[in-house]
Each structure stands twice: as structure tokens, then as C-alpha cells.
Trainee: 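A single structure is presented below for examination.
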There are 2 protein chains.
Amino acid sequence: MPVTLQDIAQELNVSIATVSRALRGMPGVAESTRKLVLKAAQERGYYPNLTAQQLQRQRTNTIGFIIPTFGPRFSDPFFSELLAGIGNAAAEAEFDLLVSTVAPGKDELPGYQHLVAGRRVDGLLVVRTRRQDQRIAYLLAEEFPFVAFGRTDQELNFPYVDVDGEQGLFQVMTHLIEQGHQRIAFINAPEELMFAQYRLAGYRQALAAHGLPYDDDLVRLGGLAETDGYQAGWELFCLGEQMPTAVCTSNDLMALGVMRAARECGLQVGGDIAIAGFDDIPLAQMAHPPLTSVHQPIYQIGRLICEKLLCLLRGEELTEPQTLLLPELVVRESTDYRV
Amino acid sequence: MPVTLQDIAQELNVSIATVSRALRGMPGVAESTRKLVLKAAQERGYYPNLTAQQLQRQRTNTIGFIIPTFGPRFSDPFFSELLAGIGNAAAEAEFDLLVSTVAPGKDELPGYQHLVAGRRVDGLLVVRTRRQDQRIAYLLAEEFPFVAFGRTDQELNFPYVDVDGEQGLFQVMTHLIEQGHQRIAFINAPEELMFAQYRLAGYRQALAAHGLPYDDDLVRLGGLAETDGYQAGWELFCLGEQMPTAVCTSNDLMALGVMRAARECGLQVGGDIAIAGFDDIPLAQMAHPPLTSVHQPIYQIGRLICEKLLCLLRGEELTEPQTLLLPELVVRESTDYRV
DNA sequence: CTTGACAACGCAAACGTTTACGTATATAAT
DNA sequence: ATTATATACGTAAACGTTTGCGTTGTCAAG
């Protein structure tokens, strides 16, 4: 049986209150008795019951993070990095991290309600925001502390960190256009995802800026998985005359899928066809050929949203409630005609 | 302010006990009052305070999972899958999942003590077991419920799920040897990791079974990352006459690194050199050429260890405390001389 | 009319902390 | 001597539940 304050109090013939104060270094306890308490606690291996602390303090010292899953499984390397960033930042502040996965197809709001209404966590991290994001509307309505990774279409004011996807895609496109490409395809993520909006906007903006026409046939809606890119790639490469000379995608996984399709179509990536991704996951540089991509500092973003949330929970005013990071284009051989 | 049992009790002029019983469908409350309570709870949006429940019930309905990290970051796609399996199984049983990340270099035992001694979770999942695993020794000593993914060198009896790595490597080796390879290198994981032991054993066993000599130069100790494989690959390919004609590795990430090194050395993977991995992460089939690997059903393993733990927590006796899964070799082009 | 059974409910303790407040003792100031 | 102040501690309420037990009221059997 775990030892409680009660046990130590009885052993030393003092009150529970004294033991509690002694252990947490509060004033109002003689140095001599504090020593005794500390010694007894040490000997019996006392460790506070965190649940009891939580109930009393009305704080859980825990932050929540619900992982959205697309498709039957999620092998998105994205989340490993993000989770590492969040987890490490939380650990440094001595916060625990409660992670939920919502099975695909299931509504995710109940998961949020469970954590919020059950007062299971002090704050939440919301990732992969959508255009009309009911999670954010809910959390704002409940006045529950949270920080998001991504923005929304709703006119709501809330703290977030995001990477400027519009700017990111503009950079990729500019790079490709400078390489001489005129027909550039874009494989986007599901359009309810907010970042898909921005990236599409960047795509169009770049076309316009360089006087290129927007062609509906060159814009595809994918999922997020490699196979989605693979499939869209095949479709594009079967267009014959209308085939694009370059393809950019909304994430790296899909770009890798396009690369696979290209190979199967006998196209040499980097030579016959240029391919660029987004995210710059570790695999991008390991791909063959290495994939041009827009770098997102995912680990750092994880840390950032977590640290912002921790500030909120400490009751501090955020100096920068909304952070928009500038992405960085990393040019590799998949778009490099030297190959 | 969140509404409590107290609030509802006052509104209806009944006792807290009655409200509690009514809400949870316990006997001893008139159907008429139960209706009233349910209605009031619904209207005011009552949701039980989970922390209070936990303290009272002396269970947290939470399981813990501490992610070990190797290297500065972890982009191991392995854990995404595993986490998805664990998370979904937990969610189905209405359990929450507490995830800790231990920053590389830091001792991980305090993290376990925090969760165990603080009674923060009801049970733990231990992954990536080591030869002398202090975590397992600790949990056994505390008689704390847990299930491991992997075995240990210690003569301890505890519930686990593992994939037979010895058998797995034996299969890869047999395949390579049947392809005519005589000099086969093996890039292993850090030897304190238990699975590294088994895989090395399988490697040696296959050599012996086919009358091939064991050559120290052909066995390398890596980390777990792609760059480790890359580096070891270079070393192997610079051996000149002594160069292996095939390389197998302890995980896919390293195999991908070897592939990259091979390409840079002007070797055609699948033709000049055969390369095989272990784990069969989703990326294996997307690699170029697709990577031969030993399949581990990681998502399923996540589910399995979680479900085993849930059984333990329900107080059931495990029908199969220790599960050893047979791995399945997936032959792809990276070891296929047709290319 | 008494007795017993049973249903419906309230009381209060318990889970393990934290903390506002009260009290006793000792020391210092008047 | 009295009063004030500080120190060291104990008491008890509180956090929001759950649950064993006691109490009241109703109704049927004796």
C-alpha cells in the first residue's frame, strides 16, 4: 500500500497539515520537525498522490492532445516529430501529456468534451485545423485554454502557430517557373483542411504573378497519404499532350507517391518531370532522388504551441498570441535539371 | 463554473447521493426522481469531475506509455503506428492514454516512478526492452501492472508481446543465401536493445546452418537512424575485395541509409548489391527500389499489448501472458536480381 | 394492530491532499 | 506585570465523487 501523509503524521505524532507543509517547504514548521518529516518520508518512500493533489488544487498539470487520423491507419511521420516537441516541452514544465487518438470516421468532438467537461486537462492543443472548425468554436465557447497549430476560416480570435503555406507554395512555384516550367500541377490536401486553402492560394498567386493560366485539370484533390499522390500522379501522367512538366503537392508523402508513379511511367524524376513536396519530413532528403520540399520545423512547432499553452496556463498574457512562421524552400534533386 | 452533483441536488431538493445514484443507474431511486435528475443534469450540462471520480474509485482509467527516444529527435515512423494501435484500443475501453517522452540522455526511471508512485495511471506499457531492463525490474518489484513489447535477458516472468526476431533474420538470411550470396553483412541496433540480440542470433544461426563463416568485419553496430545505416553502408562499400554482396539491417530506416550509401557508391541496389531491412514500415514499399523487409504488424502489436494490459486491469487472468509472433518476410526488388 | 419487508432516500465517511483559521507557547516590548 | 508579536503547530473545511448504513414511509401478511 502506498504511504500517505496520514501514515507519516501518525509515525511522528504530528498533524497531516504539518507534514504537508514540511514536505513542500512552506513556512510555519520548525526546522527540527521538518528534518524529521523529510527523513520519514524518505524512508517510507512517500510520493504524493497526484490525483488527490489535482482535486484539491483544481488543476491537473496535464495538457491534452488529440491526434486526428486520416485513413485507416496513420503512419504520418509528421506526428512523431510534433509529439516529441510537445512532449519534451511539457516534460520540462513538469506537465503530463494526455493523448487521445480518434478512430477514423468517428466524430472527434466527444473526445474534446470528455477532456474539457471532465476537467481532465488544464489546456488543449489543437492540430490540423479546418475551415469551419467546430473544435475551436467549442473551446472558445467554453473559454477553455488552448493553442492551435493552424488557422481557420472562421472569424475567431485565438492563439495559434502556423506556417505561411501561401508563401511556401509561392516559393516552390517560383522556383519551378524559374526552371522554365509552364505546366505545373498541384495535388492538394482535402479542402476542408485549412492549410490546403492557403497552399492553393499560393499556387494560384504564383501562377498569376507569372502570367500563367490556371488549369483545372492540373489541380487534384488528394487525401494525405502516399497512395493518394501515387494515384493522382498516374492520372496526371496519362494526360498525354496535356501532361504537366512539374508537380507540386501539399505534403511530402503525396510527393513520394507521385515519384513512384513517375518511375512506373518511365519518367525520370528531376529530369523528365520535376516533383516538389511540402513539410520536409526527414524522409524527403532520403528519397531517391532527394525531394525538393518546403521545410516546416515540426519539432519546434510542437515545442512552440506547447510553450504558448503553458504560458496561458500560468495566467500570463501572450506576447505573441499568433505566430506565423516563414517557411523555407529546400531545393533538392527532384526539381533540379542537372540530374 | 462547471456544474456538480451538489448543484443538481440543491435544485431538486434531494441529496447528493440520490443524484449520484440516479445518474449512474443504481438501484434505490424512484423512477420519477431519476427522470427529474436526468432532466436537470441534461439541462445544466452536468459531466462528472473525472479527477474526483478517480480519487474516490482509486482508479484512474488511464494507462501510461513512455516513448523512448534515441538521438536528438525521433522521427521513427514506428511509433506513430504503435501509438495509433494503443490509442485506439484504449479508447474503445474508455481508457485515457498518458504519454511521456523522455528527452534523450535523460534517465527514464524517474518518469516511471512519477506515474507509478503518483498513482497517475493504472498500468503501463513498456516498449523497446533492453537486456538488463531496470524499468521491468522496477515494475515487477512494485507489483505494478504492465505489459511489454519485447523480452529481456533477465530471468523474469512478465507479460509481453514480441516478434520472433531470430526467426525473422533467419528468414532474410535464408532468402539471401538462396539468391547465391556468400558475403552478407549485418548492421545491428545498439546491443543493449533486446531485439538486437535476437536478430544477431538469427543472423549467426543462418550462417551456421548454411556452412558460411562468421566474419566480424561484416557485422556493424549502428544506432537506429537512417544516418547510421548510411555511415555503416559507406564503411562496408569501401572494403574493396572484402565487400559484401548483400546487407541486412536491424530496421528499415538503416536499410534506407544503406541504400543511399550504395547509390552514392555507384552500386545498383537489387543488382550490384542486395539490401534488406526489418520492420516493414510503410516506407519500405515506397522506397526505390522497394525494400525487402521483415514485416511486423506494428499497429496490431500496439492493440495487443494494450488489450492485454486492459485484461490485467480488469483483474482477469491472461490466457496467453506471453505472445511470440512469427514475422513474415516480404521480398521486394531490393534483394531481387531480376532488376 | 403489530410486525416485517421493502423501497426511497439522506447522512456521513472516505479517497489524499491543501490551506484558512484558531490556539498554545515562547519571546520581546511596554 | 501586561500586552504585543512571532513561531509552531493542530483543526477542520474544502475539492467532487462514491457508498455503507441508517432512517422514514408504505403496504401487505400475520
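Scope of the values below: all heavy atoms of this structure, side chains included, with no hydrogens, waters or symmetry mates. Numbers restart at 1 for each chain; the letters A, B, ... are given by sequence-line order, proteins then strands.
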Trainee: If you measure from CG on Asn13(B) to CG on Leu36(B), what distance do you get to the nearest 0.5 Å?
Mentor: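 These two atoms lie 11.5 Å from each other.
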Trainee: In whole Å, I'd like the distance from the CD1 atom of Ile8(B) to the P atom of dG16(D).
Mentor: 13 Å
Trainee: How close do Gly87(B) and Leu97(B) get, heavy atom to heavy atom, and via which atoms?
Mentor: CA-CD2, 4.0 Å
Trainee: Taking atom C1' of dG16(D) as reference, at what distance in whole Å does atom CZ of Arg59(A) sit?
Mentor: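 Answer to the nearest Å: 18 Å.
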Trainee: Do you know the tightest heavy-atom contact between Thr129(A) and Arg135(A)?
Mentor: CA-NH2, 3.5 Å
Trainee: Whole angstroms only, please: what is the CD-P distance between Gln54(B) and dT17(C)?
Mentor: 15 Å
Trainee: Distance check needed: dT18(D) C1' versus Leu50(B) CG, whole Å only.
Mentor: 14 Å
Trainee: What does the B/S/- profile of nucleotides 18-26 of chain C look like, 5' to 3', with a 4.0 Å heavy-atom cutoff to protein?
Mentor: BBB------
Trainee: Among residues 30-38 of chain B, which residues get a heavy atom nearer than 4.0 Å to DNA chain D?
Mentor: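 Within residues 30-38 of chain B, no residue comes under 4.0 Å of DNA chain D.
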Trainee: Rounded off to whole Å, could you give me the CG-to-P distance for the Asp7(A) and dG16(C) pair?
Mentor: 9 Å
Trainee: Minimum heavy-atom separation for Leu325(B) to Val161(B), with atom names?
Mentor: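 Here Leu325(B) and Val161(B) meet closest at CD1-CG1, 4.1 Å.
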Trainee: Taking the six-membered ring for Trp and the single ring otherwise, decide whether the centroids of Phe146(B) and Phe144(B) are under 6.0 Å apart.
Mentor: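 Between Phe146(B) and Phe144(B), the centre distance exceeds or equals 6.0 Å.
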Trainee: Using a 4.0 Å heavy-atom cut-off across all strands, classify Asn13(B) as base, sugar-phosphate, or nothing.
Mentor: sugar-phosphate
Trainee: Where do Arg120(A) and Ser100(A) land on the side chain to side chain donor-acceptor pair (under 3.5 Å) test, with the steps shown first?
Mentor: CA-CA 12 Å; Arg120(A) 197 65 226 283; Ser100(A) 287; over 6 Å; no
Trainee: Measuring from the side chain of Leu55(B) (C-beta onward, heavy atoms only), which nucleotide among dG16(C), dT11(D), dT17(D) has the closest atom?
Mentor: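 Of dG16(C), dT11(D), dT17(D), dG16(C) is nearest to the side chain of Leu55(B).
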Trainee: Does the side chain of Gln58(A) get closer than 4.0 angstrom to OP1 or OP2 of dG16(D) through an N or O atom?
Mentor: yes
Trainee: To the nearest Å, how far apart are Asn49(B) CG and dT18(D) C1'?
Mentor: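 About 13 Å, once rounded to whole Å.
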Trainee: Taking atom CD of Glu320(A) as the centre, does the number of heavy atoms from other residues, nucleotides or ligands within less than 6.0 Å exceed 12?
Mentor: yes
Trainee: To the nearest angstrom, how far is Gln6(A) atom CD from dA13(C) atom C1'?
Mentor: 13 Å
Trainee: Does a salt bridge link Glu11(B) with Lys39(B), judged by any charged N lying under 4.0 Å from a carboxylate O?
Mentor: no
Trainee: How about CD on Glu317(B), more than 12 heavy atoms from neighbouring residues, nucleotides or ligands closer than 6.0 Å, or not?
Mentor: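 Open: at most 12 neighbouring heavy atoms sit under 6.0 Å from CD of Glu317(B).
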